[in-house]
Asks: 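Would you mind keeping the following structure in view while I ask a few things?
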Amino acid sequence: MRLARSAILLVLISAAAGCAAPGDEPRTSSPDEGRSPRPQAATENSSTVSAANDDETGPTVFQVCNTGPGSCVATVKTKGDQAIFDHPSDSDSKLTLHNPVPSGAPLVFLVTKDLGDWVEVLLPIRPNGSTGFVRKTDVAIAHHQWRIEVFLESLRIEVWNGDSLFLEAPVGVAKDNTPTPEGVYYTTELLRPPDPNGPYGVYAYGLSGFSEVLETFRGGPGQLGIHGTNDPASIGRKVSAGCIRMRNEDIARLAGVLPLGTPVTVHDA
């Protein structure tokens, strides 16, 4: 599988929201800027797609395209507002999302269904699990076989490339009063904080999901994420306000290989 590199991003890390425990995040009086070294997008073409999870406690399997297990990602081609429709037969869109996103990353969607001229996609908006339709002519469709499984109670993460386990590692997860909602999300952007010794560590992935407890967090929308940490002792504990914490060396392994649009399934187990 070939992976295409995207442009370096400028971001306000504090606007990612929901990631660090209160008191751990960067000061809002001096917002952090970061650069993403190499967020990536898959480049292989695809056709039909469907999603299934036969075992609610096991890995989520996306049977997509004509290539077997994997995921299809739709990357918006043109800068500006992208129309999202409730149904392909609708004459008016239900909302628009801007490309690129505020961090500078391309607007990407995880495809859930291919209808020929249209694709149904998972949307990076509230409520979690929202879907909509985009015209296939507006996006570039690509296929990859990466996926992430997060297990909250057992405090661990698994990263798979097809049938191969790429990484299994302990993580820090959310406190009970600010839980990470179960469900399927996807990576929307890759950020590099300017201070690798800060609370977000060396890298941070933004996710398509949001806290269901915090409407806002430190000036941001309560977006979920997966990031490094400057507190290795927090790994293996319930410490965050919603995001998943990884050891810096573990998330650094992911930053070089994961494409944007990688599905992330959060399990309660």
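Heavy atoms only: backbone and side chains are in, while hydrogens, waters and symmetry mates are out.
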Asks: With rounding to the nearest 0.5 Å, note down the distance linking NE2 in His87 to CG in Leu115.
Replies: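 Going from the NE2 atom of His87 to the CG atom of Leu115 covers 7.5 Å.
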
Asks: Would you call Leu258 and Val159 a side-chain contact if the rule is heavy atoms closer than 4.5 Å?
Replies: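 SC-SC contact between Leu258 and Val159 confirmed.
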
Asks: Output all residues satisfying side-chain contact (heavy atoms from CB on, under 4.5 Å) with Val213, sequence neighbours left out; order by chain, then residue number.
Replies: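 side-chain contact (heavy atoms from CB on, under 4.5 Å) list for Val213, sorted by chain: Pro179, Ser211.
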
Asks: Output the distance between atom OG1 (Thr75) and atom CD1 (Ile141), rounded to the nearest 0.5 Å.
Replies: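 Answer rounded to 0.5 Å: 8.0 Å.
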
Asks: Distance only, no hydrogens: is a donor on one side chain within 3.5 Å (strictly under) of an acceptor on the other, for Ser234 and Arg245?
Replies: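 Their side chains do contain a donor-acceptor pair, which is all the 3.5 Å distance test asks for.
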
Asks: Under 4.5 Å between any side-chain heavy atoms of Ile84 and Ser93, yes or no?
Replies: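 When only atoms from C-beta onward are counted, Ser93 and Ile84 do not touch, as no gap falls below 4.5 Å.
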
Asks: Is Thr265 close to Ile148 at the side-chain level, that is, under 4.5 Å between some pair of heavy atoms?
Replies: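 In short, these two side chains do not touch, never coming nearer than 4.5 Å.
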
Asks: Could you check if a side-chain atom of Ile244 sits within less than 4.5 angstrom of a side-chain atom of Tyr205, using non-hydrogen atoms only?
Replies: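 They are not in side-chain contact.
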
Asks: What residues form a salt bridge (charged side-chain N to carboxylate O under 4.0 Å, His left out) with Asp117, not counting sequence neighbours?
Replies: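 So Asp117 forms no salt bridge (charged side-chain N to carboxylate O under 4.0 Å, His left out) with any residue.
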
Asks: Can Phe133 be reached from Val184 by stepping across I, L, V, M, F, W or Y side chains whose heavy atoms are under 4.5 Å apart?
Replies: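 Cluster IDs for Val184 and Phe133 differ.
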
Asks: Using only atom types and a distance under 3.5 Å, with no angle test, would you say the side chain of Arg253 pairs donor to acceptor with the backbone of Phe166?
Replies: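 Present.
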
Asks: Does Asp195 use its side chain to pair, donor to acceptor, with the backbone of Asn197 at less than 3.5 Å?
Replies: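 Looks like yes, one N/O pair under 3.5 Å.
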
Asks: Just jot down the side-chain contact (heavy atoms from CB on, under 4.5 Å) partners of Arg135, sequence neighbours excluded, or say none.
Replies: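 Expected list: Phe85, Trp118, Thr137, Asp138.
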
Asks: When you measure from the side chain of Thr187 to the backbone N and O of Leu207, does any donor-acceptor pair fall under 3.5 Å?
Replies: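 No, the answer is negative, given that no donor and acceptor are paired below the 3.5 Å cut-off.
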
Asks: Within a 6.0 Å radius of atom NZ on Lys77, are there more than 12 heavy atoms belonging to other residues, nucleotides or ligands?
Replies: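 Buried by this count: over 12 neighbours within 6.0 Å.
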
Asks: Check whether more than 12 heavy atoms from other residues, nucleotides or ligands sit under 6.0 Å from atom CG of Asp163, and answer yes or no.
Replies: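 Not buried by this count: 12 neighbours or fewer within 6.0 Å.
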
Asks: If you round to the nearest 0.5 Å, how far is CG of Leu191 from NE2 of His227?
Replies: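 One finds 11.0 Å between NE2 of His227 and CG of Leu191.
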
Asks: For Pro181, give me all partners under side-chain contact (heavy atoms from CB on, under 4.5 Å), at least two apart in sequence or on another chain.
Replies: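 For Pro181, the residues satisfying side-chain contact (heavy atoms from CB on, under 4.5 Å) (neighbours in sequence not counted) are Asn128, Tyr185, Glu212, Leu224.
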
Asks: With the 4.5 Å side-chain cut-off for hydrophobic clustering, are Val173 and Ile235 part of the same group?
Replies: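 Hydrophobic grouping puts Val173 apart from Ile235.
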
Asks: Identify the two heavy atoms, one from Pro196 and one from Val202, that lie closest to each other, and give their separation to 0.1 Å.
Replies: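 Nearest pair, atom of Pro196 first, then Val202: CB-CG1, 3.8 Å.
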
Asks: Output the distance between atom CG (Leu190) and atom CD1 (Ile226), rounded to the nearest 0.5 Å.
Replies: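 If I round to the nearest 0.5 Å, the distance is 11.0 Å.
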
Asks: For Gly222 and Arg126, which heavy atoms make the closest approach, and how far apart are they?
Replies: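 Answer, listing the atom of Gly222 first, then Arg126: CA-NH2, 3.9 Å.
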
Asks: Starting at NZ of Lys238, measure out to NZ of Lys175 and round the result to the nearest 0.5 Å.
Replies: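 Going from NZ on Lys238 over to NZ on Lys175, the span is 12.5 Å.
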
Asks: Is the shortest side-chain heavy-atom distance between Leu254 and Met246 below 4.5 Å?
Replies: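 Yes, their side chains come closer than 4.5 Å.
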
Asks: Please name all residues satisfying side chain to side chain donor-acceptor pair (under 3.5 Å) with Asp250, sequence neighbours left out, ordered by chain then number.
Replies: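 Once residues adjacent in sequence are excluded, the partners of Asp250 under the side chain to side chain donor-acceptor pair (under 3.5 Å) criterion are Arg247.
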
Asks: Can you name the nearest heavy-atom pair linking Val121 to Thr112, along with the distance?
Replies: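 Shortest heavy-atom separation between Val121 and Thr112 comes out as N-OG1, 3.9 Å.
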
Asks: Do you know the tightest heavy-atom contact between Pro127 and Ser130?
Replies: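 So the two residues come closest at O-OG, 2.6 Å.
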
Asks: Who passes side chain to side chain donor-acceptor pair (under 3.5 Å) against Asp268, sequence neighbours left out?
Replies: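 Testing Asp268 for side chain to side chain donor-acceptor pair (under 3.5 Å), a comparison that skips the adjacent residues, returns none.
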
Asks: Going hydrophobic residue to hydrophobic residue with side-chain gaps under 4.5 angstrom, can you get from Val150 over to Leu167?
Replies: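 Yes, Val150 connects to Leu167 through the hydrophobic network.
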
Asks: Check side chain to side chain donor-acceptor pair (under 3.5 Å) between Lys94 and all other residues, then give those that pass, not counting sequence neighbours.
Replies: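 Per chain and number, Lys94 pairs via side chain to side chain donor-acceptor pair (under 3.5 Å) with Asp86.
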
Asks: Please report the closest heavy-atom contact between Lys136 and Val119, naming both atoms and the distance.
Replies: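 Where Lys136 meets Val119 most closely, the heavy atoms are CE-CG1, 4.0 Å.
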
Asks: Taking all non-hydrogen atoms of both residues, which atom of Cys243 and which atom of Gly225 are closest, and how far apart?
Replies: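 Nearest heavy atoms, Cys243 then Gly225: SG-N, 2.8 Å.
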
Asks: Quick one: list whatever passes side chain to side chain donor-acceptor pair (under 3.5 Å) with Ser154, sequence neighbours left out.
Replies: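 Side chain to side chain donor-acceptor pair (under 3.5 Å) list for Ser154, sorted by chain: Arg156.
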
Asks: Test your reading of the model: is there a side-chain donor-acceptor pair from Thr96 to the backbone of Gln82, 3.5 Å cut-off?
Replies: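 No, the answer is negative, given that no donor and acceptor are paired below the 3.5 Å cut-off.
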
Asks: Side chain to side chain contact (heavy atoms under 4.5 Å, CB included) between Leu110 and Ser208: does it pass, once the steps are laid out?
Replies: CA-CA 9 Å; Leu110 182 63; Ser208 60; over 6 Å; no

Asks: How long is the span from the CG atom in Leu123 to the OH atom in Tyr186, to the nearest 0.5 Å?
Replies: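 So the gap between those two atoms works out to 6.5 Å.
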
Asks: Would you call Pro124 and Phe109 a side-chain contact if the rule is heavy atoms closer than 4.5 Å?
Replies: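 Of all side-chain heavy-atom pairs linking Phe109 with Pro124, at least one is under 4.5 Å.
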
Asks: Taking side chain as C-beta onward, heavy atoms only, is Leu260 less than 4.5 Å from Pro106?
Replies: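 SC-SC contact between Leu260 and Pro106 confirmed.
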
